[in-house]
Amino acid sequence: MDIYNILPLGCILFLFFLVCLLVFLLIRRHLLLTQERLHNSDLSKRLKALMKNFSAIAQQKDDLERINEMRSKFISVTAHDLKQPITLINGYSSLLRETLSQENLKLLDNIDKATSTIERLTRDLGDVSSAQYATMKLSKSKFIFNDFIEEIFKQYKSAAAQKKISLLFTPYPEPIEINADRFRLEQVFSNLLSNALKFTLQDGTIEIRYTLEENKIKVLVKDDGLGITPTDRIKIFDKFQQSDFIDENFKKQGWGLGLAIAKEIINAHGGEIGADSAGRGTGSTFWLTIPLANAK
Ligand code: ADP
């Protein structure tokens with residue numbers, strides 16, 4: 001076979017190869033475009049679904065905030081409106097006190113005790129709902145802490161004696177000045193001491209001590225009562241939390257708000273609050289710090 005016979009065959013084969021390559025490239029391009037289109041439509045579908053979820057979540061967040069605000073308003077209005085009848089009960093009770101026999105006075109003492117529990121619970125509720133709206137507003141003034149804490153100790157002496165609990169107080173030799181909201185701090189110590197009295201058994205001991213640390217004062221309220229488990233130690237400073245193991249009778253006497261409010265107040269002063277305990281039945285030490293009046 002000479003060259004003139006092979007040439008047209010070679011040309012035909014070459015042309016055939018070129019056509020095949022072209023077809024292959026066209027099919028490949030078509031496949032890539034289809035794949036890209038599919039991918040894009042999948043992405044846009046996913047994006048649409050995400051946007052839909054996002055706006056649903058935003059709507060839910062708005063709804064929850066509205067419900068939360070309504071709930072806080074409801075609580076604060078209820079707490080506020082309960083104050084007036086409580087004041088009336090206290091007024092009538094002191095009028096009655098002057099006319100009653102010794103035996104009936106004991107009954108009146110029970111009424112007063114129950115009223116002061118309701119008073120404390122309503123105050124806690126009011127505080128916790130207002131603390132949710134804004135950070136706590138403080139009305140600060142400079143005063144000597146030593147006198148302030150000694151006054152509180154004296155207020156609780158008789159309540160401790162009634163329960164046959166020794167309430168001990170160790171004063172500090174030098175005057176310590178703080179810049180704080182007196183009323184709010186009183187609320188914190190009342191809570192710590194009423195808790196200590198509540199959770200300490202007869203013949204127990206409660207101690208109030210305070211020391212000076214660098215730029216702050218550290219106060220300890222130590223009792224040898226029921227104690228706190230390691231899991232409850234942090235939890236009890238959250239709203240509506242109580243130790244799991246305490247019995248129903250104790251639980252009913254509070255709402256688990258006092259320590260949460262105390263924490264809010266101490267934090268608003270730039271201090272810290274916490275509790276230490278070696279566990280159930282080993283007593284507890286509640287501690288807090290408050291910056292000194294001249295602290296930078
Ligand atoms: P409540 O008014 O319910 O006592 P608090 O916030 O004051 O609320 O206290 C929360 C919980 O912390 C209490 O219910 C109790 O379980 C625990 N607690 C507080 N003080 C003491 C204490 N001194 N000893 C043992 N447990 C305590």
Side-chain angles (χ1 to χ4, degrees), residues 75 78-79 82 86 113-132 136 149 152-153 155-157 159-160 162-169 183-210 218-268 271-289:
I75 293 175
T78 312
L82 279 172
I86 294 170
K113 234 191 238 166
T115 318
S116 74
T117 305
I118 299 173
E119 205 168 4
R120 189 173 51 78
L121 292 176
T122 14
R123 191 202 58 205
D124 281 0
L125 263 192
D127 279 348
V128 88
S129 64
S130 63
Q132 272 172 0
M136 187 162 281
I149 193 75
I152 290 180
F153 157 71
Q155 279 170 27
Y156 278 85
K157 259 231 101 76
Q162 265 175 25
K163 234 190 133 180
K164 298 200 169 50
I165 288 173
S166 317
L167 181 59
L168 311 175
F169 176 67
F183 171 76
R184 290 293 187 184
L185 273 198
E186 214 175 299
Q187 199 179 335
V188 172
F189 287 107
S190 294
N191 178 257
L192 295 185
L193 284 166
S194 6
N195 278 348
L197 282 173
K198 188 159 69 173
F199 297 112
T200 301
L201 305 176
Q202 192 173 320
D203 299 322
T205 306
I206 301 171
E207 266 181 270
I208 306 171
R209 256 188 289 145
Y210 58 106
K218 183 165 189 178
V219 194
L220 306 179
V221 177
K222 184 174 187 290
D223 66 58
D224 57 4
L226 297 193
I228 308 162
T229 61
T231 40
D232 289 334
R233 210 172 59 83
I234 307 288
K235 189 186 93 171
I236 52 173
F237 288 93
D238 289 338
K239 285 169 195 142
F240 300 107
Q241 297 295 332
Q242 298 176 311
S243 292
D244 285 330
F245 73 86
I246 60 168
D247 72 42
E248 281 307 309
N249 210 14
F250 278 129
K251 285 191 177 161
K252 278 191 207 142
Q253 290 175 43
W255 268 326
L257 286 175
L259 289 176
I261 295 165
K263 188 175 176 195
E264 199 98 34
I265 295 173
I266 294 301
N267 288 348
E272 286 176 294
I273 186 166
D276 295 321
S277 172
R280 203 170 160 172
T282 60
S284 335
T285 303
F286 283 79
W287 57 264
L288 61 87
T289 60

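Whatever order the structure lists them in is the order used to number ligands and atoms, beginning at 1.
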Separation of L167 CG from L193 CG (nearest 0.5 Å): 6.5 Å

Kindly indicate whether the side chain of F199, heavy atoms from C-beta on, has any atom under 4.5 Å from the side chain of S243. no

Evaluate whether atom CD of E272 has more than 12 neighbouring non-hydrogen atoms of other residues, nucleotides or ligands under 6.0 angstrom away. no

Side chains of F286 and I228: does their closest heavy-atom pair fall under 4.5 Å? yes

Per-ligand residue contacts, ligand 1, heavy-atom threshold under 4.0 Å: R120, N191, N195, A196, K198, F199, D223, G227, I228, I236, Q241, Q242, S243, I246, G254, W255, G256, L257, G258, L259, S284, F286

Can you find a pair of side-chain heavy atoms, one from I165 and one from L201, that are under 4.5 Å apart? no

Is the ring pair F153/F169 parallel, tilted or perpendicular, if the boundaries are 30 and 60 degrees? parallel

